[in-house]
Amino acid sequence: MRSKWPERLLLLPATVWLLVMLVLPLAVVLVFSFGERGPAGGYVPAFTLAQYANLPARFTAFKNTLTLAPLGTFAALIVAYPLAYFLAVKANPRVKTILLVMIIVPFWTSILIRTYAWIFILGGQGIPKLLAMGGLEGIRLINTPTAVLIGIIYGYLPLMVFPIYVSLEKLDKRLLEASEDLGSSPLRTFRNVTLPLSMPGIATGCMLVFILLMGEFLVPALLGGGKVFFIGNALVDLFLQSRNWAYGSAVAATLVIVMLVVVSIYMKLVMRGTNQRKDMSLL
Amino acid sequence: MKHKLATPSASDTPVVSFSGVWKRYGVIVAARDLNFSVQPGEFLSLLGPSGCGKTTSLRMMAGFDQPSEGEVYLEGERVNGVPAYRRPVNMVFQHYALFPHLDISDNIAYGLRQRSPRPSGEYIEKRIAEILQLVRLEGFEQRRIWELSGGQQQRVALARALINQPKVLLLDEPLAALDRKLRREMQIELQNLQRNVGITFVLVTHDQEEALSMSDRVCIMRDGEIVQIGSPLDLYDRPKNKYVADFVGKSNFFEGHVKQVNASYIDVQLDCGVTISTVPSVEMDQHHAGSRVSVSVRPEQLILARDEKQLPEDCVIKLKARVLNRIFLGEHTEYLLRDESLGEFLALSPRQNEVSESPFETSEIVHVAWGREASLVLGDD
Ligand SMILES: Nc1ncnc2c1ncn2[C@@H]1O[C@H](COP(=O)(O)OP(=O)(O)OP(=O)(O)O)[C@@H](O)[C@H]1O
Ligand SMILES: [Mg+2]
């Protein structure tokens with residue numbers, strides 16, 4: 001038998017990295033969540049469920065996150081799919097390169113600055129003013145859930161576009177001709193062939209966006225104006241402002257658990273959808 | 001004899017017909033004034049080198065491409081502009097293009113399920129069973145595409161097209177991806193299948209052996225044009241020009257010019273000075289005294305002998321040549337010969353000839369002759 005040692009040796013850095021960067025902080029969070037807040041903030045060791053009992057106080061943050069994260073994921077998908085489809089199937093090579101660059105270039109500036117730009121666009125001097133000139137008075141966008149949703153779509157679009165683009169790019173175009181040859185109109189060909197075969201890309205994109213959205217705090221903070229806040233905002237508040245580490249840890253631990261539950265249900269569904277398709281892996 | 005399902009009344013109209021069809025891609029001309037028709041139940045092959053426009057022609061029949069000029073007819077009806085999904089034709093793609101997310105039965109049933117009204121589940125089941133039997137893949141219903149060998153995938157692709165009972169089945173180099181032995185098997189199978197179902201087949205290939213052995217008629221193409229269209233025998237015995245003669249089997253070519261046009265034969269003076277009597281492969285009146293021509297002589301038409309007396313009386317040419325090389329081909333022996341004036345040429349001698357006398361040896365001098373019918377004077381290229 002071949003020695004396992006070289007393999008183990010090669011896996012060592014990754015294992016250490018995972019332990020230090022993932023497991024350790026999680027363990028700390030879990031321990032802290034059973035503790036108490038010190039008189040001047042921070043953490044005092046204890047074993048109490050008081051922090052968890054206090055969770056309903058942050059119900060709105062959970063509610064916002066758990067509605068706007070799926071909604072934002074879905075909205076990003078709806079916007080991203082046609083774009084990815086156009087890029088992969090329809091665009092000629094030159095247009096394609098230009099568009100791909102245009103999707104990537106915004107990453108060269110910080111998301112913070114780009115989201116600030118949206119404050120102006122959605123604010124009183126931006127789109128609402130244009131709409132008012134068109135006769136639609138009194139539309140408010142900034143500091144509403146809609147503004148947060150728009151910010152989410154904007155920020156997460158590339159993350160959704162790329163996996164879908166890759167799966168559509170990989171799609172054998174001759175399959176589309178075969179479908180058409182067998183009597184399928186373009187629309188039905190899309191439903192029968194293109195959509196099922198781009199499912200891995202959709203699944204990956206949704207997963208990425210959803211997980212990141214669950215921890216989002218920047219967009220709600222800037223575009224939600226303190227009215228629409230996520231768990232991420234609650235955590236920023238608890239750890240940095242009120243320095244209630246114990247309560248913050250309880251909220252964070254709950255978020256992780258909720259996420260694990262949602263993601264594992266999601267994975268189950270996706271796997272069931274693709275389990276007979278051994279040719280399709282996620283991504 | 002073929003069992004043709006086509007009704008007698010329908011058999012007068014060609015299934016497919018091209019009339020003055022051109023296809024241009026910018027400056028590239030992929031099809032140049034194509035005129036031909038395919039008869040019901042016929043097996044037609046489009047044969048030609050890479051890039052000569054075979055696939056383009058097929059795609060215009062299927063409806064994936066539209067002609068830049070000219071008309072395409074399906075059963076007498078003009079179909080220019082009609083998209084592929086509205087045409088009663090089906091195609092077998094070169095790399096099969098089977099759907100990876102569907103199992104074998106769903107792949108095969110795909111076409112039936114696109115019909116409206118949609119046939120009943122029972123009917124579809126029944127047809128799948130029938131067609132799987134036809135392509136000898138019973139029991140493969142639930143298998144996945146990647147669990148099949150190349151030959152089996154090929155058969156699924158055939159079944160998926162045939163289940164729709166198309167007016168024409170279009171096949172774009174369907175056997176190119178198979179190894180040599182399997183290709184031979186599939187050629188025979190395809191031929192049998194075509195006879196059994198009576199569906200018109202149009203096959204694209206650049207393998208001349210495949211085209212000649214399988215088809216009723218072969219259409220030879222070059223640079224987007226049809227050079228000659230005819231039965232394999234026609235093309236072999238009456239090649240229109242040097243291109244066809246060279247493409248269909250081996251041949252010896254001798255250059256010369258027409259000396260005299262007679263009632264049923266033509267005297268050609270070869271460049272080496274020898275004058276031989278020849279028959280034309282195209283209409284007599286296309287030849288005029290003085291015009292440059294090629295004369296084609298098939299290697300198997302040459303008569304070889306050790307003794308001059310063994311040669312037949314009525315030969316148009318008799319000469320002595322040296323054997324340069326000899327290749328045993330089983331049934332036949334191929335000789336490369338050299339004559340002082342004619343240069344090098346090939347001769348194919350059947351085995352029976354050689355049981356009586358031993359095969360000729362390299363550098364032996366042999367007597368060579370051929371008859372008038374063997375020397376074909378070809379038309380312009
Ligand atoms: N979509 C296209 N755009 C531009 N030119 C094309 C296109 N399709 C085909 N051509 C050109 O038309 C000519 C004929 O192509 P076609 O595919 O019909 O050849 P073919 O006979 O099938 O060759 P092969 O045996 O290599 O498949 C070629 O010169 C090809 O480059
Ligand atoms: Mg081709």
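Chain letters run A, B, ... following the sequence lines, proteins first, then strands; residues in each count from 1.
His101(B) places a side-chain N or O within 3.5 Å of a backbone atom of Asn192(A) that can act as its donor or acceptor partner.
The two residues Ala97(B) and Ala178(A) come nearest to each other via the heavy atoms O-CB, 3.8 Å. The two residues Phe99(B) and Leu175(A) have their closest heavy-atom pair at CE2-O, 3.4 Å.
Put simply, CG on Leu98(B) and CZ on Arg174(A) are 11.0 Å apart, with the number rounded to the nearest 0.5 Å. Distance CD/Glu180(A) to CE/Met91(B): 11.5 Å, rounded to 0.5 Å.
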Distance-only check: which donor-acceptor pairs under 3.5 Å involve side-chain atoms of residues 119-129 of chain B, not counting sequence neighbours?
unit_1: Ser120(B); atom_1: OG; unit_2: Tyr123(B); atom_2: N; d: 3.2
unit_1: Arg127(B); atom_1: NH1; unit_2: Glu130(B); atom_2: OE1; d: 3.0
unit_1: Arg127(B); atom_1: NH2; unit_2: Ile163(B); atom_2: O; d: 2.8

Exercise answer: donor-acceptor pairs, residues 66-94 of chain A side-chain atoms, under 3.5 Å, sequence neighbours excluded:
unit_1: Thr67(A); atom_1: OG1; unit_2: Lys63(A); atom_2: O; d: 2.9
unit_1: Thr67(A); atom_1: OG1; unit_2: Asn64(A); atom_2: O; d: 3.2
unit_1: Thr73(A); atom_1: OG1; unit_2: Ala69(A); atom_2: O; d: 2.6
unit_1: Tyr81(A); atom_1: OH; unit_2: Ser198(A); atom_2: OG; d: 2.6
unit_1: Asn92(A); atom_1: OD1; unit_2: Arg94(A); atom_2: N; d: 3.1
unit_1: Asn92(A); atom_1: OD1; unit_2: Val95(A); atom_2: N; d: 3.1

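For residues 107-114 of chain B, heavy-atom neighbours of chain A at less than 4.5 Å comprise Tyr110(B), Gly111(B), Arg113(B), Gln114(B), sorted by residue number.
Glu177(A) has its side chain within reach of Arg59(B): a pair of non-hydrogen atoms, C-beta onward, lies under 4.5 Å apart. Side-chain contact between Pro196(A) and Leu102(B) is absent, with no heavy atoms from C-beta onward closer than 4.5 Å.
Heavy-atom contacts from other residues, nucleotides or ligands closer than 6.0 Å to CD of Gln133(B) number 12 or fewer. Around atom CZ of Phe36(B), more than 12 heavy atoms belonging to other residues, nucleotides or ligands sit under 6.0 Å away. Within 6.0 Å of atom CD1 in Ile257(A), more than 12 heavy atoms from other residues, nucleotides or ligands are found, so the atom counts as buried in its surroundings. Other residues, nucleotides and ligands place more than 12 heavy atoms under 6.0 Å from the NZ atom of Lys23(B). Atom CZ of Arg86(B) is surrounded by 12 or fewer heavy atoms from other residues, nucleotides or ligands within 6.0 Å.
Residue pairs satisfying the ring pair (Phe, Tyr, Trp, His ring centres under 6.0 Å) criterion with at least one member in residues 59-87 of chain B, sequence neighbours excluded, are absent.
Asn90(B) touches chain A through backbone and side chain together, each having a heavy atom under 4.5 Å away. For Val89(B), the part lying under 4.5 angstrom from a heavy atom of chain A is the backbone only. Using a 4.5 Å cut-off between heavy atoms, Asp181(A) touches chain B through backbone and side chain atoms alike.
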Worked check of side-chain contact (heavy atoms from CB on, under 4.5 Å) between Asp172(A) and Phe93(B)
CA-CA 12 Å; Asp172(A) 185 351; Phe93(B) 292 82; over 6 Å; no
